[in-house]
Amino acid sequence: MRLAATNLSSIFGLSSTRSALARSLAAARAPRSSQLPRARESALENRARNVATSSPFMTSAAASASLLGLARFPAPRPSARGGIAVPAAHRRRFTSSVVAVAADADVETANLLPDALQWPSRDQTCGTLREGDEGKTVTLCGWVDKQRDMGGIVFADVRDHTGFVQVVSDKDTPKDATDALAAMRAEWVVCVTGRVKKRTAPNDKVPTGIVEVAADKVTVLNTVAKSLPFSISGAPEGDDDELREEVRLKHRVLDLRRPQMVRNLRLRAKTIRALREVLEDTYDFLEVETPILTRSTPEGARDYLVPSRLQPGACFALPQSPQLFKQMLMVAGADRYYQVARCFRDEDLRADRQPEFTQLDIEMSFTDMDGILSLGEDLMCAAFSKGADVELPRPFKRMTYAEAMSKYGSDKPDVRYGLEMAELADVVAGTEFKLFAGAIEAGGVVKAIAVPEGKRISNSRLKPKGDVFNEAIAGGAGGLAFARVGEDGVTLEGGKALCEGLQPVAEKLIARCGASAGDLLLFGAGDEGTVNKALDRVRQFVAKTLDMVPEGQHAVLWITEFPMFEFNEDENRLEALHHPFTAPNQSDVANGGDIKQARAIAYDLVYNGVEVGGGSLRIYRRDVQEKVFDAIGLSEEEAEEKFGYLMEAFQFGAPPHGGMAFGLDRLVMMLAGAKSIRDVIAFPKTATAQCLLTAAPGDVSDAQLEDLHIAKALKPEKAV
Ligand code: ASP
């Protein structure tokens with residue numbers, strides 16, 4: 001049904017016969033006044049030009065750039081991908097420039113708003129209109145994505161969280177609605193009622209491209225009163241590099257309007273829902289919240305502390321994970337617990353870390369390791385199936401920690417490609433090549449990677465200053481030894497000392513590496529940790545630069561049988577590799593076996609070389625827990641002071657239990673194909689742990705500090 005035409009004044013709630021719009025346009029066209037600052041003046045001109053004289057040949061991208069006041073730069077070209085390509089020279093300005101239009105336009109646009117606040121209801125979302133909706137009268141609410149005024153006919157893409165649809169003024173559109181559409185600017189909020197009709201020129205690149213909405217009534221709900229720091233619709237899809245991240249984080253409300261961010265947040269919610277369904281519907285898990293204000297937890301990072309007002313001098317710690325609470329819930333008989341839990345770790349941030357992050361945290365009683373791994377596989381499969389339409393192959397492969405470290409030098413190997421490491425200690429020991437023989441004598445290792453068709457990597461890349469060499473150095477190695485396998489497949493070619501020194505064992509060495517004629521051998525020699533780290537880096541780098549990583553493959557595997565402890569050289573003591581509540585492998589500690597040498601019943605889940613989760617079966621008896629505390633050098637008093645409540649709980653009949661946690665941010669990042677976990681977190685922090693939107697952490701008053709019994713000892717000139 002057609003709606004009765006409303007005149008513009010009533011749309012805008014104005015009593016004047018001359019509409020505010022007309023007034024603002026007139027103002028924009030008025031001769032240059034000496035009182036007007038130049039920027040404001042040209043902004044007004046710009047707007048007027050845009051409204052009144054937009055070229056019918058202007059691309060929509062150019063039109064949107066123009067709306068943002070970018071018309072003073074050369075108009076962006078449509079790119080092959082259908083996005084817009086901004087000329088390189090203008091990218092910086094495009095991405096970070098603050099555009100002059102709206103800040104100056106606020107005075108005039110304010111007049112276009114109705115006097116009263118309105119809360120209209122819509123009966124249709126923008127991105128969901130399809131051919132079958134033809135003929136319906138619909139009411140949409142959303143933001144103006146782009147607008148094109150073709151002189152009489154005006155097009156505006158109206159966008160909500162579901163996508164956008166083209167709204168058009170056609171010959172039946174009341175003049176007021178046409179004028180209102182013509183006045184629209186990017187990111188204004190509108191309510192449009194109109195008829196769905198088929199487009200004469202469908203656009204098969206957008207889901208709604210077969211239809212458009214012929215406007216009957218257009219209500220401006222809000223305008224943009226400040227300069228837009230970047231274009232929402234004009235930002236090239238998937239090319240966030242073009243928008244500087246600080247600008248995006250500072251203006252996160254706008255950034256989150258961008259379609260790919262909308263998709264990421266919705267994918268996150270969908271993934272969490274899929275995980276909850278498995279946990280609750282299939283496994284009868286119970287969601288329990290655990291405290292945020294708590295005591296220090298044992299994940300090994302630095303705590304965030306919250307000083308207590310009521311207990312002078314005492315601090316809460318924010319949980320690094322709910323580890324101890326979930327174990328106590330098991331003692332409490334909860335049986336199967338989960339939580340979408342926020343965790344806090346005050347670490348120096350690496351690319352994919354955040355000071356606060358979200359885990360899917362799980363604990364269950366009366367199950368063995370296979371029971372937990374099988375649940376873990378159900379969860380991963382559900383997440384990938386619902387979140388990315390990918391069916392992961394089951395059961396997931398398993399690999400021991402020892403094998404992973406030996407073959408890949410890493411406990412999170414990417415097994416989508418070969419380049420495995422060969423251990424050469426027994427081959428090179430006692431040879432004349434002293435670098436290798438000496439490393440073995442000193443208790444170290446010698447390992448090598450065979451790169452097929454080795455001539456793809458030139459010698460200059462392997463020598464000092466070469467990119468492959470640099471990777472080895474960045475991994476901690478002192479250099480990078482290499483050799484090539486000769487055409488006969490049994491001799492080594494390369495540096496004189498290496499080739500001559502290893503000549504007697506060359507055939508055996510080449511066979512051990514699984515290499516053949518023409519392959520390149522990259523060696524690491526020295527202490528095991530350094531060799532593994534350096535060769536792991538080299539392996540990943542070579543795979544990437546030689547295009548050996550197959551896209552679209554999903555390599556998921558469990559790493560099992562981690563050692564219980566690793567040696568912390570700085571503190572000169574053992575520390576738990578997972579956390580000290582992890583149970584030791586029972587056969588390793590049977591018959592007086594040394595717990596310090598034992599393997600743990602711990603497991604990590606690795607997807608394409610990224611750790612996405614991990615857990616363990618837990619110790620559930622006080623006597624065993626005490627042995628672990630003792631092994632990591634925690635005195636009885638310290639153990640009592642820190643974990644007394646858990647130890648006591650263990651004395652009240654603790655059931656056998658185990659669990660795991662998935663890093664949700666990272667999981668969703670992979671499902672979304674995002675480059676950074678910040679892209680799947682609504683309000684993330686920067687690498688220096690700051691929120692650019694709220695400017696947290698911020699100053700607090702002296703009075704607040706006093707309340708918390710904190711003396712102001714240090715006031716840096718400028719926060720870092
Ligand atoms: N609490 C452990 C972590 O945060 C996971 C677990 O053992 O369940 O890494």
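First listed ligand is number 1; within each ligand, the first listed atom is number 1.
Here is the list of ligand 1 atoms found below 4.0 Å of a heavy atom in Ala661: 5 (C), 8 (O). Within the listing of ligand 1, atoms 6 (C), 8 (O) sit less than 4.0 angstrom from a heavy atom of Lys326. Close contacts of ligand 1 with Gly615, meaning ligand atoms under 4.0 Å from a residue heavy atom, involve 6 (C), 7 (O). Less than 4.0 angstrom separates some heavy atom of Ser321 from each of these atoms of ligand 1: 1 (N), 4 (O). Atom numbering of ligand 1 starts at 1 in the shown order; those under 4.0 Å from a heavy atom of Met660 are 8 (O).
In this structure, the protein non-hydrogen atom closest to atom 3 (C) of ligand 1 is Glu299 OE1, 3.5 Å. In this structure, the protein non-hydrogen atom closest to atom 7 (O) of ligand 1 is Arg618 NH1, 2.8 Å. The closest protein non-hydrogen atom to atom 4 (O) of ligand 1 is Gln359 NE2, 2.9 Å.
The closest approach between a heavy atom of Gln320 and any atom of ligand 1 is not below 4.0 Å.
At least one N or O atom of Gln323, backbone or side chain, sits closer than 3.5 Å to an N or O atom of ligand 1. Geometrically, ligand 1 and Arg345 share a nitrogen or oxygen pair separated by less than 3.5 Å.
Using a 4.0 Å cut-off between charged nitrogen and carboxylate oxygen, Glu638 and Lys642 do not count as a salt-bridge pair.
Environment of CD in Gln651: crowded, with over 12 heavy atoms of neighbouring residues, nucleotides or ligands closer than 6.0 Å. Heavy-atom contacts from other residues, nucleotides or ligands closer than 6.0 Å to CD of Glu528 number 12 or fewer.
In this structure, Phe562 has its ring center at least 6.0 angstrom away from the ring center of Tyr603.
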* To do: Would you please test Phe629 and Phe643 for ring-ring contact (aromatic ring centres under 6.0 Å, His included) and show each step?
  => CA-CA 10 Å; Phe629 286 154; Phe643 307 120; 5.4 Å; yes

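Within the 4.0 Å heavy-atom criterion, neither part of His578 lies near ligand 1.
Looking at Val610 and Met670, their side chains come closer than 4.5 Å, going by heavy atoms from C-beta outward.
Atom OG of Ser676 is separated from atom CD of Glu245 by 5.5 Å, given to the nearest 0.5 angstrom.
Under 3.5 Å, the side chains of Gln339 and Tyr337 contain a donor-acceptor pair of N or O atoms.
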